[in-house]
Amino acid sequence: MAEFDLVVRGGEVATGFGTTRCDIGVKDGRIVALGEKLADGARVVDAAGTLVLPGGVDSHCHIEEPSRGGYASTGQAEPPLTVNEESFATASSAAFAGGTTSVVCFIPQWKGYGVWERYADYRARAARGMIDHSFHQIISDPTDTVMDQEVPRLVAEGVRSLKVFLTYEPLHLNDAQYLRVLTKARTLGCLVTVHCENYEAINWRTHELLKHGMTAPKYHAWARPPVVEREATHRAIALAELVDQPIQIFHVSCEEAAEEIARAQARGVKVWGETCPQYVSLTAADMDRPGFEGAKFMCSPAPRSRAEHERVWEMIRRGTLDVISSDHCAFSFEGDRGKRQNGSDAVFRDIPNGIPGFTARLPIIFSEGVSKGRISLDEFVRLTSTNPARLMGLAPRKGAIAIGADADLALWDPKKKVTITNALMQHAIDYTPYEGMEVTGWPVMTIRRGEVVMRDGKVQAEPSTGRFLPRGPYAMIKPRGITPDGFDPAPPPAA
Ligand code: URP
Ligand code: ZN
Ligand code: ZN
């Protein structure tokens with residue numbers, strides 16, 4: 001019997017800390033050997049001419065997420081229950097098509113409801129897909145029952161991050177509620193991830209814009225300029241510093257917000273910054289396309305400008321922003337769950353926020369980053385795979401090409417030129433905001449736990465083969481033990 005189930009032969013293996021030409025031996029879904037001229041396995045993949053990357057880890061994506069009231073104000077008394085169009089099956093295809101092999105996605109909480117029931121439902125949904133998955137728990141209503149009884153049960157199950165929104169009706173938390181989540185996370189040993197925009201400021205700007213008849217999609221950006229993101233980022237960090245609770249700031253769109261993170265990092269605060277491909281490729285001008293087209297580019301924070309893209313790249317190079325996720329949160333353009341769900345003349349406030357981005361994430365960042373010389377190949381690997389795996393407590397099983405790691409690999413043709421079309425995205429959505437974008441560098445094969453799940457764009461994976469990735473305690477998100485005056489009303493768990 002062959003020593004290996006699979007040998008990936010002759011590729012340029014990119015570890016995130018240098019590249020080396022070697023073979024990869026896989027047994028039982030794990031990497032068991034790295035070496036020159038390994039013996040043949042039961043199957044051999046010829047990787048000559050490709051870069052062999054650790055499979056992408058997308059630590060921020062919304063898949064098959066049931067919502068009550070959605071992300072827009074519908075004006076209805078009893079908001080309807082809807083589910084993202086992207087199912088775990090379609091999301092898995094999209095992810096594999098783009099070289100991503102693991103995701104961390106969101107269990108919802110609706111105001112007035114608990115979370116435990118949602119967890120069971122979401123586990124069952126995710127189990128139907130093909131991609132390995134872990135969960136963040138959204139907290140929109142931190143009641144005693146939720147925080148003291150249900151969240152500890154979830155953490156015991158391996159859900160080790162909580163997501164809070166400082167804006168959006170009906171999800172946003174006020175400062176007292178945010179502090180409650182921070183303190184509970186500290187006592188349980190969780191990471192808190194934060195959507196930073198100022199709720200009241202956006203409401204005020206929105207009200208004034210609508211009053212002046214400024215209703216088109218482009219005014220989405222006017223309602224939430226960088227200053228509202230900077231203010232909320234500053235506040236999110238200050239309160240986390242008060243509690244001494246590690247946080248990650250999600251989807252940073254601009255230098256102003258990133259500078260807040262950089263200043264806190266320089267003080268030693270445990271705060272990490274994430275950005276997304278849309279903040280280095282889409283602009284506010286895209287939301288000013290004719291008719292309703294601008295809705296295709298609406299997400300929050302809003303896309304900024306070409307000049308801002310360069311500033312975001314600089315914050316990436318400085319290491320302030322060390323994770324690039326997709327924030328895939330997809331609504332088709334057409335259909336009753338899509339961007340037009342409140343009509344083709346809906347005011348910007350009532351158009352759902354979010355764009356698809358699973359498949360395009362790695363190609364856009366490789367092309368705009370590595371091919372255009374803005375970042376190195378090592379940085380690309382760390383930003384899109386190694387760093388998110390480490391911060392989410394999934395390393396070294398995920399995000400690494402190393403002995404013992406899961407054999408999750410993306411074979412990458414760094415010279416392949418592709419014009420992005422919606423068909424290439426393989427998602428359930430009827431458009432991509434990146435239609436027509438030309439990229440250099442594309443995944444030609446994706447391997448999940450030693451199994452080829454995408455070859456030359458053809459996804460081949462059985463349903464219900466994705467695994468849940470429970471997360472235990474890990475050192476990276478341990479509080480520093482520094483509180484003002486040493487007063488510590490919410491001590492972390494004993495090591
Ligand atoms: O517009 C966005 N980003 N929608 C998704 C929800 C979120 O804020 O992460
Ligand atoms: Zn968000
Ligand atoms: Zn999101």
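In listed order, ligands and their atoms are each counted from 1.
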Honestly, for Cys299 the part within reach of ligand 1 (heavy atoms, under 4.0 Å) is both

Numbered in order shown, the ligand 1 atoms found under 4.0 Å of a heavy atom of Phe165 are 7 (C), 8 (O)

Check: Glu229 main-chain N/O paired with Asn198 side-chain donor or acceptor under 3.5 Å: no

task: May I ask you to check whether His60 brings an N, O or S atom to under 2.8 Å from the Zn ion (ligand 3)?
output: yes

Under a 3.5 Å distance rule, please check whether Arg205 uses its side chain to pair with a backbone N or O of Trp222 as donor and acceptor. yes

Short version for Phe250: what comes under 4.0 Å of ligand 1, heavy atoms counted, is neither

### Query
With a cut-off of 2.8 Å, does Cys329 place any N/O/S atom under that distance from the Zn ion (ligand 3)?
no

State whether Phe333 and Lys296 meet the cation-pi test: NZ (Lys) or CZ (Arg) under 6.0 Å from the six-membered ring centroid, and within 45° of the perpendicular axis. yes

Inset, instruction - Return yes if some donor-acceptor pair links the side-chain N/O of Thr275 with the main-chain N/O of Val252 below 3.5 Å, else return no. - result: yes

The N/O/S atom of Asp327 lying closest to the Zn ion (ligand 3) is OD1

Exercise. Would you please determine whether Tyr168 falls within less than 4.0 Å of ligand 1 on a heavy-atom basis?
Key: yes

Here the atoms of ligand 1 under 4.0 Å from any heavy atom belonging to His195 are 7 (C), 8 (O)

> Side chain of Arg125, backbone of Phe88: donor and acceptor closer than 3.5 Å?
Replying inline: no

The residue among His251, His195, His136 that forms ring-ring contact (aromatic ring centres under 6.0 Å, His included) with His60 is His251

Ligand 1 to His60, heavy atom cutoff 4.0 Å, flagged ligand atoms 9 (O)

Within the 4.0 Å heavy-atom cut-off, what Lys163 brings close to ligand 1 is side chain

| field | ring pair (Phe, Tyr, Trp, His ring centres under 6.0 Å) evaluation trace for Phe165 with His172 | value | CA-CA 5 Å; Phe165 293 87; His172 80 283; over 10 Å; no

Atom name of the N, O or S atom of His195 nearest to the Zn ion (ligand 2) is ND1

Just by distance, do the side chain of Asn342 and the backbone of Ile351 share a donor-acceptor pair under 3.5 Å?
no

Give a yes/no verdict on whether any heavy atom in Met298 is under 4.0 Å from an atom of ligand 1. no

Quick note on ligand 1: atoms under 4.0 Å from a heavy atom of His62 include exactly 5 (C), 6 (C), 7 (C), 9 (O)

Any donor-acceptor N or O pair under 3.5 Å, side chains Tyr431, Glu334:
no

The answer for which part of Asn353 has a heavy atom under 4.0 Å from ligand 1 is both

